[in-house]
Undergrad: 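Supplied in structure tokens, the structure appears directly below.
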Amino acid sequence: MYAIKIIKIEESWGEKEISLIKNEYETFKQIGGDYLVKAPFAFSSHNGFFFVMEYMPGGDLGKLLE
């Protein structure tokens with residue numbers, strides 16, 4: 001099972017925002033470990049970036065901490 005993180009591209013975005021998304025992708029490619037979510041695939045289209053990630057039941061850590 002996989003989950004997809006969708007990041008819509010805004011018209012007001014500049015190179016800084018695009019660079020942050022690319023850095024996130026590079027981080028996902030390099031991380032490893034049993035307690036980290038992996039994103040084995042990523043792709044983009046004219047209106048967004050998509051990260052295909054491992055499905056982790058129970059939500060994200062921020063929601064669990066609330």
Undergrad: Could you tell me if the side chain of Ile6 sits less than 4.5 Å from the side chain of Phe49, heavy atoms only?
TA: no

Undergrad: Identify, with sequence neighbours excluded, every residue that meets side-chain contact (heavy atoms from CB on, under 4.5 Å) alongside Val37.
TA: Met53, Glu54, Met56

Undergrad: Evaluate the side-chain proximity of Leu36 to Ile31: yes if any heavy-atom separation is below 4.5 Å, no if none is.
TA: yes

Undergrad: Working to the nearest 0.5 angstrom, can you tell me the gap between Ile18 CD1 and Ile9 CD1?
TA: 5.0 Å

Undergrad: Is the shortest heavy-atom distance from the side chain of Phe28 to the side chain of Pro40 under 4.5 Å?
TA: no

Undergrad: Run the salt bridge (charged side-chain N to carboxylate O under 4.0 Å, His left out) test against Lys22 and tell me which residues pass, sequence neighbours left out.
TA: none

Undergrad: Once you round to the nearest 0.5 Å, how far does CG of Asn47 lie from CD of Glu11?
TA: 11.0 Å

Undergrad: Under 4.0 Å between a Lys/Arg side-chain N and an Asp/Glu carboxylate O for Glu24 and Lys5?
TA: yes

Undergrad: Evaluate whether atom CZ of Phe43 has more than 12 neighbouring non-hydrogen atoms of other residues, nucleotides or ligands under 6.0 angstrom away.
TA: yes

Undergrad: Pair Ile4, Phe41 - check side chain to side chain contact (heavy atoms under 4.5 Å, CB included), show working.
TA: CA-CA 10 Å; Ile4 298 178; Phe41 310 105; over 6 Å; no

Undergrad: Is Ile7 reachable from Tyr2 through a run of I, L, V, M, F, W or Y residues, each pair having side-chain heavy atoms under 4.5 Å apart?
TA: no

Undergrad: For the OG atom of Ser45 and the CZ atom of Phe50, what is their distance to the nearest 0.5 Å?
TA: 4.0 Å

Undergrad: Measuring from atom OH of Tyr25 to atom OG of Ser44, what distance do you get when rounded to the nearest 0.5 angstrom?
TA: 10.0 Å

Undergrad: Taking the side chain from Gln30 and the backbone from Thr27, do they hold a donor-acceptor pair closer than 3.5 Å?
TA: no

